[in-house]
Amino acid sequence: MHATGPQHLSVIGDALIEVDDAGVIVDVRSLGPADGDEVACDVRLKPGTMLMPGFVDTHLHAPQWPQLGSGLDLPLERWLHELTFPLEARFANVGLAATVYNDMVPELLSLGTTSVVYHSSVHREATLVLADACVRHGQRALVGRVAMDHPDATPEWYRDCDAASAVASSAGSIDDIMALGSSRVAPIITPRFIPACTDETLAGLGRLAAETDVIVQTHCSESDWQHGAVFERFGVTDTMALDGFGLLRDHTVLAHATHLTADDADRIIEVGSGVAHCPMSNSYFANAVFPARRHIAAGMRVGLGTDVAGGPSPSIAEQVAHAVTVSRMLHDGVDPGGASGRDAASISMTTAFWMATLGGADLAGLPVGVFKRGRHFDAIVVDEPTAISGVDGLTAEVRLERIIRSLVRSRPRRVWVDGVDVTPHR
Ligand code: GUN
Ligand code: FE
């Protein structure tokens, strides 16, 4: 089962997928149920199981792993200063980083997350420990050392000391990660968000992106506070300010982006950037629901993100379910007898699943997310909930809904990245 587009879910019956030694899919074809017995293959799936593309998490803060589900009653700015920055600062200790990241990466794989776009901390060493944990456990990843140096929005004990050092450490971290020589783990340029960065750092990272062609991620227009703070500083929206610094590029991953204007959305589509939609985190911090349906219909690249730990669940399956839920709330409105919702705002489970797989892969420029010749074989196999007796002939979409709901309670049986079995044994 895979989604080949936001509205296209397909189940290939009795499929044979051929994968080469590099993990690239060379053929996908449907055999008759009887022909299948004749074919010699390395892995034969049991009846009652379903193969799906592995999940792509387009936004996760690795050093926030120890505080999943903490402090979500606070507004974003206080949550950052009171809980998050003190925790992230502790990742100056590489021993702590190794312990946390070697716990987190296998846990994410066991939930079916085969690719992650990570925010690390400001620390170059701990960032390399994270990249190394991904290589060791076999996860596909983009790993970003966080740049943050603005004295007004970051504490003295947790920031880059100045712009020159912020840009140099980001460049150095790119070299560190490239030197691992992994085809699956790559760097990503990561100004945390505009409020945390000085103009010099933003401009320097824009130049670094142009020089290296390494893609960019940041937070954009998340919450009234962030959107307002950027507007106050520059007199333009977050999106336009990022564009001015050369940070809005092909495959730039903008986390949240809940408060975009129509012009912002047009510009994002024009340059090939896109949004990491974090429906669960947005329910706490973003002061709005991201109108996924409208932006996807307009051609924007959109993936799903957990935003650990602003989002309290590391499961992409849970984000898929929640993305559908919040879209319904946007559609219907949330105030009984009060303001009504927005027309045509609700999304289907298929659209949410597409964001979690192919949509996220295309956003971050990863060659995965769908079972097609030329894509890499990152996949999970799940038990399909047994049909209720007397009910058969379920549509593909109903089968997907049931699988997603069951993945919220149980884990995939097996997980592959690049054709390699990376199922954690724990
Ligand atoms: N904006 C800047 N930093 C963060 C963060 O760590 N989490 C979230 N949700 N938003 C941010
Ligand atoms: Fe975030």
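None of the values given here were measured: they were computed from a predicted structure. Both ligands and their constituent atoms are indexed starting at 1 by order of listing. Residues: numbered from 1 along the sequence shown.
From the protein, the heavy atom lying nearest to atom 9 (N) of ligand 1 is Asp307 OD2, 2.8 Å. Here the protein heavy atom with the shortest distance to atom 6 (O) of ligand 1 is Arg192 NH2, 2.7 Å. Atom 10 (N) of ligand 1 has as its closest protein heavy atom Glu222 OE1, 2.6 Å.
By the criterion of a heavy-atom distance under 4.0 Å, neither the backbone nor the side chain of Gln226 is placed next to ligand 1.
Note on His119: not counted as a metal contact of the Fe ion (ligand 2), no N/O/S atom lying under 2.8 Å. With a cut-off of 2.8 Å, the Fe ion (ligand 2) has no N, O or S atom of Cys278 in range.
The nearest non-hydrogen atom to atom 11 (C) of ligand 1, considering only Glu88, His61, Gln64, His219, comes from His219.
Between the side chains of His59 and Asp307, a donor-acceptor pair is found at a separation under 3.5 Å. No side-chain donor-acceptor contact under 3.5 Å links Thr84 and Gln64. When only modelled atom types and interatomic distance are considered, Ser121 and His123 share a side-chain donor-acceptor pair under 3.5 Å. Looking only at atom types and distance, the side chain of Asn282 has no donor-acceptor partner in the side chain of Thr258 under 3.5 Å away.
With a 6.0 Å radius and a threshold of 12 heavy atoms from other residues, nucleotides or ligands, Asp21 has its CG atom at or below the threshold. In the displayed structure, Met178 atom CE is contacted under 6.0 Å by at most 12 heavy atoms of other residues, nucleotides or ligands.
Looking at ligand 1, you won't find any N or O of Trp79 less than 3.5 Å from one of its N or O atoms.
Of all atoms in ligand 1, listed by their number and element, those nearer than 4.0 Å to a heavy atom of His256 are 9 (N).
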Working for salt bridge (charged side-chain N to carboxylate O under 4.0 Å, His left out), residues Arg124 and Asp175: CA-CA 10 Å; Arg124 208 171 135 178; Asp175 295 340; 6.0 Å; no
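Around the Fe ion (ligand 2), the two atoms OD1 of Asp307 and NE2 of His219 are separated by an angle of 180°, to 10 degrees.
Within His59, the N, O or S atom at minimum distance from the Fe ion (ligand 2) carries the name NE2.
Interatomic distance, CG of Leu180 versus SG of Cys134, reported as 10.0 Å (0.5 Å rounding).
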